[in-house]
Amino acid sequence: MFTLKDAFFAFVFIALLILVGRFIKQKVSWLQKLYLPESIVAGVLALLLGPEVLGAIVTNLFGSNVVFSEGLFSEPIRLVWSQSPGVFINVVFAALFLGESIPSLRDIWQKAAPQVVFGQTLAWGQYVIGILVTMLILTPLFGTNPIAGALIEIAFEGGHGTAGGMAETFSELGFTEGADLALGLATVGIVSAIIIGTILANWGRKKGYISTVNHQAEEPDDLPELHSQETSQVRRRRARLMRDLLIDPLSLNLGFVGIAIILGWLILQILTRIEALTWGKTGFQLMVYVPLFPMALVGGILLQLFMERRGLSPLIIEPLMKNIAGVALDVVIVAALASISLSVLGTNLAPFLILSVVGITWNILAFLYLAPRLIPNHWFERGIGDMGQSMGVTATGILLLRMVDPENRSGAFESFAYKQLFFEPIVGGGLFTAAAPALLAKLGSLTVLLITGGLLVFWLFMGFFVLKSTGQTRRK
């Protein structure tokens with residue numbers, strides 16, 4: 001049990017750890033070269049100062065009844081942290097599209113179709129190879145739970161936030177070690193994405209694959225963001241709408257996040273109820289295992305569309321939404337990494353390493369072979385962004401884009417941004433990502449392999465035949 005005071009100090013410690021993480025990153029040059037977010041550095045620091053490392057060292061040296069034998073943080077603090085990822089991930093996904101102007105699906109498809117196809121191919125391929133390697137190697141040789149087949153996509157595409165937010169789902173399905181493995185894989189993914197992406201960027205320049213190459217451009221100093229849609233006209237409309245509102249803009253936008261989460265909760269309750277009244281009577285249940293955050297994302301999209309229709313969208317302040325989501329994501333990452341069980345990773349080291357190698361290999365090969373064939377122009381710039389996202393997080397993809405096209409001469413940033421509307425509601429932390437563990441537990445690996453394999457074939461067919469016939473992909 002923990003009190004409200006324990007929760008308060010748990011988040012105070014997270015804030016302090018992030019500040020310390022920033023200081024460490026400034027002093028350690030190799031951390032700067034990896035472009036690791038301060039939250040990851042802070043999370044690793046919390047893990048080192050917890051019972052798994054500091055506590056274990058003190059216990060082995062001095063016994064279990066001395067100061068710091070359980071680490072620097074008390075048990076109530078750690079309990080708050082263990083529950084935080086599953087809560088704050090809802091804020092991250094609810095705010096994802098709030099403040100973003102959502103164009104028609106037709107316009108998005110026309111501008112970003114090849115990018116959508118390549119991104120979807122990467123994601124479904126991660127499921128296919130993950131399930132295959134689990135069926136053929138991990139389960140027979142190591143007794144690994146078949147749900148491990150979804151870990152590559154959850155960790156690589158979803159990142160630390162999704163991995164940490166699904167801990168409760170893994171636990172309910174009897175795969176408690178899944179959360180630790182997913183968080184470990186997410187860390188491997190983001191580090192390898194930056195290292196391999198940097199190597200590929202240098203290779204691409206030498207080979208002449210980067211058509212927008214600028215030898216004078218320097219690498220970015222920090223993780224960039226997508227362009228803001230704020231204009232002077234939007235700000236004027238907002239000033240008129242808020243003239244008589246006696247409320248702080250931050251509080252107002254937190255309210256919008258709350259509405260999006262409530263909408264997502266209502267959608268989830270309705271779907272759960274429909275399941276209980278229909279196919280759930282046969283014993284097959286899926287929605288009860290689906291976490292709230294993908295529905296919160298849908299709730300955010302619905303709220304944004306409603307606000308646009310009513311002419312109230314300027315009240316949703318895009319920079320504030322990014323800050324709200326950023327703070328929530330920092331909490332998710334620090335708390336999730338601080339709660340990793342190193343003993344679980346050690347027990348499952350072989351499956352962990354195999355999944356890491358297989359996932360990284362798929363992404364690299366897909367980038368080198370499929371990107372030139374699926375993306376008609378500026379394939380390197382646009383493809384490396386998707387590869388970065390598929391191994392880390394969205395910010396990693398944008399970082400690699402900035403490395404190869406700092407002035408956005410290729411237009412890859414716009415295509416990358418539009419692609420998210422066809423991408424994140426489904427995979428990369430979307431509906432299928434959230435449902436995949438339950439599908440594997442209820443339907444079995446072979447059935448889910450056929451589903452994901454069929455979707456992989458569908459997107460490859462779209463890229464090689466449908467888009468090629470319309471001139472949207474390069475002819476080889």
Side-chain angles (χ1 to χ4, degrees), residues 1-32 34 36-89 91-92 159-161 163-168 170-171 176-188 190-191 326-349 352:
M1 296 293 293
F2 58 84
T3 65
L4 181 60
K5 187 176 180 180
D6 294 323
F8 173 75
F9 278 103
F11 297 120
V12 168
F13 278 129
I14 286 179
L16 294 176
L17 285 164
I18 291 174
L19 289 177
V20 175
R22 177 63 179 177
F23 176 78
I24 293 173
K25 183 178 175 180
Q26 286 181 319
K27 297 299 181 180
V28 182
S29 59
W30 63 269
L31 287 177
Q32 298 172 24
L34 287 178
L36 286 178
E38 284 77 0
S39 55
I40 292 182
V41 179
V44 173
L45 179 63
L47 177 64
L48 295 176
L49 295 176
E52 292 281 326
V53 180
L54 176 61
I57 293 173
V58 171
T59 299
N60 288 333
L61 292 177
F62 305 106
S64 58
N65 295 318
V66 298
V67 179
F68 300 141
S69 61
E70 300 232 343
L72 189 61
F73 311 107
S74 66
E75 185 176 355
I77 297 292
R78 300 198 307 271
L79 185 58
V80 173
W81 285 352
S82 68
Q83 296 182 20
S84 294
V87 174
F88 282 87
I89 191 63
V91 177
V92 177
H160 288 85
M166 293 191 67
E168 186 176 344
F170 287 126
S171 179
T176 53
E177 63 268 32
D180 296 308
L181 290 172
L183 286 165
L185 284 169
T187 304
V188 169
I190 194 171
V191 171
V327 171
L329 184 59
D330 283 342
V331 172
V332 171
I333 292 173
V334 175
L337 288 175
S339 304
I340 286 181
S341 172
L342 294 178
S343 59
V344 169
L345 286 181
T347 304
N348 297 274
L349 184 60
F352 173 75

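Sequential numbering from 1 along the given sequence is applied to the chain's residues.
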key: Option from V332, V334, I14, V331 for which side chain to side chain contact (heavy atoms under 4.5 Å, CB included) with S39 holds   = V334
key: Separation between CG of L49 and CZ of F68, rounded to the nearest 0.5 Å   = 9.5 Å
remark   = E52 meets the salt bridge (Lys or Arg N to Asp or Glu O under 4.0 Å) criterion, sequence neighbours left out, with none
message = According to side chain to side chain contact (heavy atoms under 4.5 Å, CB included), who are the partners of V327, at least two apart in sequence or on a separate chain?
response = none
ask   = Taking all atoms of both residues into account, what is the closest heavy-atom pair of A336 and L183, and its distance?
value = O-CD1, 3.4 Å
task = Apply the test side chain to side chain contact (heavy atoms under 4.5 Å, CB included) to residues L47 and L337: give CA-CA distance (whole Å), side-chain angles for both, the deciding distance (0.1 Å), then the verdict.
result = CA-CA 6 Å; L47 177 64; L337 288 175; 5.6 Å; no
key: Which residues share a side chain to side chain donor-acceptor pair (under 3.5 Å) with T3, sequence neighbours left out   = D6
query = Sub-3.5 Å donor-acceptor pair from the side chain of E177 to the main-chain atoms of L345, do we have one?
reply = no
ask   = More than 12 non-hydrogen atoms from neighbouring residues, nucleotides or ligands closer than 6.0 Å to CD on E75, yes or no?
value = no
request  = Would you confirm whether Q32, through its side chain, and K25, through its main-chain N or O, come within 3.5 Å as a donor-acceptor pair?
outcome  = yes
ask   = What residues, two or more places apart in sequence or in another chain, satisfy side chain to side chain contact (heavy atoms under 4.5 Å, CB included) together with E70?
value = R78
task = Could you tell me whether the side chain of T59 and the main chain of S69 form a donor-acceptor pair under 3.5 Å?
result = yes
task = Output, in order, the C-alpha distance, side-chain angles, deciding distance and verdict of side chain to side chain contact (heavy atoms under 4.5 Å, CB included) for V58 and V66.
result = CA-CA 8 Å; V58 171; V66 298; 3.5 Å; yes
inquiry  = List the residues meeting side chain to side chain donor-acceptor pair (under 3.5 Å) with S341, not counting sequence neighbours, and say none if there are none.
reply    = S343
For I24, side chain to side chain contact (heavy atoms under 4.5 Å, CB included) partners two or more places apart = V20, V28, L31, V41, L45
ask   = Roughly how far, to the nearest 0.5 Å, is CG of D180 from CG of L185?
value = 11.0 Å
ask   = Are L79 and S82 close enough, and set up right, to give a side chain to side chain contact (heavy atoms under 4.5 Å, CB included), and what steps lead you there?
value = CA-CA 5 Å; L79 185 58; S82 68; 3.8 Å; yes
task = Would you give the length of the straight line joining atom CG of L342 to atom CG of L349, rounded to the nearest 0.5 angstrom?
result = 11.5 Å
Donor-acceptor pair, side chain of S171 and main chain of E168, under 3.5 angstrom = no
query = If you look at every heavy atom in A7 and V80, which pair is closest and at what distance?
reply = CA-CG2, 3.9 Å
More than 12 heavy atoms of other groups within 6.0 Å of N60 CG = yes
request  = Please check if atom CG in L61 has more than 12 non-hydrogen atoms from other residues, nucleotides or ligands closer than 6.0 Å.
outcome  = yes
request  = Please report the closest heavy-atom contact between A338 and A46, naming both atoms and the distance.
outcome  = CB-CB, 3.5 Å
remark   = Residues at least two apart in sequence or cross-chain that pass side chain to side chain donor-acceptor pair (under 3.5 Å) with T187, listed by chain then number, are H160
task = Find the distance between CG (D330) and CG (L17) and round it off to the nearest 0.5 Å.
result = 11.5 Å
request  = Just jot down the side chain to side chain contact (heavy atoms under 4.5 Å, CB included) partners of I77, sequence neighbours excluded, or say none.
outcome  = F9, A10, F13, F73, S74, W81
remark   = Taken in chain and number order and not counting sequence neighbours, the residues that satisfy ring-ring contact (aromatic ring centres under 6.0 Å, His included) with F88 are F11
